[in-house]
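So the structure is just underneath, and the comments pick up after that.
None of these values were measured; they are calculated from a predicted model. Note that these values count all heavy atoms, side chains included, but never hydrogens, waters or copies made by symmetry.
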Amino acid sequence: MARKQTPLEKALEVRFHGRNLLESALTHRSFAFEKGGLTTNERLEFLGDAVLGVVVTDLVYRAFPERSEGELAKLRAAMVNMATLADVARELGLGEALLLGKGEEQSGGRDKASILADGLEAVLGALYLDRGLKAAAPVIERLFWPRIAAYVRGEGERDYKTILQELAAQDLGRLPEYRVAERGPDHEKEFTATVFVGGREMGRGTGRSKKEAEQRAAREAYDRLSEESAEMAKEH
């Protein structure tokens, strides 16, 4: 009798031959440390990063024969960066499947971009080992092609700090102000940015760099300000 598919497998639209590889891919080092010597997902993350890079590179190379090497490199980088990987992981519900230590769990690890991105790469590495490139490539293409197409249409990698600045100046006559906090050791710093418009907190974002954190905060603030502007327009 076949074992029941996990929610993550259903979201991926695949079935692993066994659960061991998938569980290893979901084992964060904080959980492995607490349990005393379990294998972490870091080796699978290393493998998955390479598999993802090959598939995305092949995909954009074939899809856009008119684009230069520099343009293709920029497109690939936009797909395999931490923010994009974390967004894909959230769509799959990967955060709920992660095995985290208590401390990481309490600090919101299930929605940390770095943990989600690493987890997704580990899952793709596990899929490659379990079923081969012929099974992994279609999954990657299905997950990333909509984002590739959106980027090519000009919808990817938007500069939300600039967009927010223009919208805030237009609607409120104010410029956004950013406050950034950082934590963690030098080799693994995490930045949290909070953006204020007219003294009111409008958005927050985290990232491995100050720039990434500010962009994520600006995006949240832009979405919120856009909604408020639309509601005001309806009232008038």
Side-chain angles (χ1 to χ4, degrees), residues 2-29 39-99 110-158 208 212:
R3 67 173 180 81
K4 189 177 179 181
Q5 245 183 331
T6 67
L8 181 58
E9 285 176 304
K10 289 179 180 178
L12 289 166
E13 298 181 16
V14 295
R15 184 190 292 273
F16 282 72
H17 287 122
R19 298 189 69 160
N20 289 345
L21 263 176
L22 181 56
E23 287 183 0
S24 293
L26 297 170
T27 302
H28 187 258
R29 63 177 176 270
T39 301
T40 74
N41 64 1
E42 291 170 357
R43 279 172 53 84
L44 286 171
E45 173 203 336
F46 168 78
L47 178 61
D49 174 67
V51 173
L52 176 64
V54 167
V55 174
V56 170
T57 300
D58 181 73
L59 185 57
V60 300
Y61 181 87
R62 294 176 188 277
F64 307 107
E66 76 289 353
R67 300 216 165 208
S68 69
E69 179 270 342
E71 290 173 320
L72 293 177
K74 187 175 181 181
L75 174 52
R76 178 182 60 193
M79 294 304 107
V80 301
N81 65 38
M82 183 177 67
T84 300
L85 294 177
D87 284 343
V88 173
R90 290 186 182 100
E91 286 186 4
L92 293 169
L94 190 147
E96 294 305 309
L98 289 169
L99 299 174
R110 292 194 185 279
D111 195 50
K112 279 186 183 177
S114 59
I115 292 177
L116 289 172
D118 292 347
L120 177 62
E121 288 179 334
V123 168
L124 294 176
L127 179 59
Y128 168 76
L129 286 181
D130 187 71
R131 302 189 65 92
L133 191 59
K134 284 188 176 181
V139 172
I140 293 170
E141 181 173 346
R142 177 172 57 82
L143 294 175
F144 286 86
W145 177 252
R147 289 171 168 79
I148 292 171
Y151 182 91
V152 170
R153 290 195 302 267
E155 299 170 15
E157 204 177 48
R158 300 179 71 186
R208 286 182 173 174
E212 183 180 45

Inset, instruction - Under the side chain to side chain contact (heavy atoms under 4.5 Å, CB included) rule, collect the residues that match up with Arg208, sequence neighbours excluded. - result: Met82, Ser114, Asp118, Glu212
Give a yes or no answer on whether the side chain of [X] reaches the backbone of [Y] with a donor-acceptor pair at less than 3.5 Å.
X: Arg90; Y: Asp111; result: yes
X: Arg131; Y: Ala126; result: no
X: Glu9; Y: Thr6; result: yes
X: His17; Y: Asp130; result: yes
X: Arg110; Y: Gly95; result: yes

Inset, instruction - Provide the closest heavy-atom pair for Ile148 versus Phe64 in the form atom of the first, atom of the second, distance. - result: CG2-CE1, 3.7 Å
Inset, instruction - Tell me, with the steps shown, if Leu44 and Leu129 meet side-chain contact (heavy atoms from CB on, under 4.5 Å). - result: CA-CA 9 Å; Leu44 286 171; Leu129 286 181; 3.7 Å; yes
Given side chains that start at C-beta, do those of [X] and [Y] come closer than 4.5 Å, heavy atoms only?
X: Val152; Y: Leu75; result: yes
X: Glu13; Y: Val139; result: no
X: Thr27; Y: Leu98; result: no
X: Ile140; Y: Val51; result: yes
X: Val55; Y: Phe144; result: no
X: Leu127; Y: Leu12; result: no

Measuring from [X]:[atom1] to [Y]:[atom2], what's the distance to the nearest 0.5 Å?
X: Leu59; Y: Arg76; atom1: CG; atom2: CZ; answer: 12.5 Å
X: Leu21; Y: Leu26; atom1: CG; atom2: CG; answer: 11.0 Å
X: Arg29; Y: Ile115; atom1: CZ; atom2: CD1; answer: 7.5 Å
X: Leu85; Y: Leu94; atom1: CG; atom2: CG; answer: 11.0 Å
X: Leu120; Y: Asn41; atom1: CG; atom2: CG; answer: 11.0 Å
X: His28; Y: Glu45; atom1: NE2; atom2: CD; answer: 9.0 Å

Inset, instruction - Provide the full list of side-chain hydrogen bond (donor to acceptor under 3.5 Å, both in side chains) pairs with a residue in residues 136-146, sequence neighbours left out, each pair given once. - result: none
Legend entry - Neighbour count above 12 (heavy atom, 6.0 Å) for Tyr61 OH: no
Legend entry - Tyr128 OH: over 12 foreign heavy atoms closer than 6.0 Å: no
Legend entry - Pair Thr84-Asn81, side-chain donor/acceptor within less than 3.5 Å: yes
Legend entry - Ion pair Glu91/Arg147, N-O distance below 4.0 Å: yes
Inset, instruction - Step by step, work out the side-chain contact (heavy atoms from CB on, under 4.5 Å) result for Gln5 and Val14. - result: CA-CA 9 Å; Gln5 245 183 331; Val14 295; 5.8 Å; no
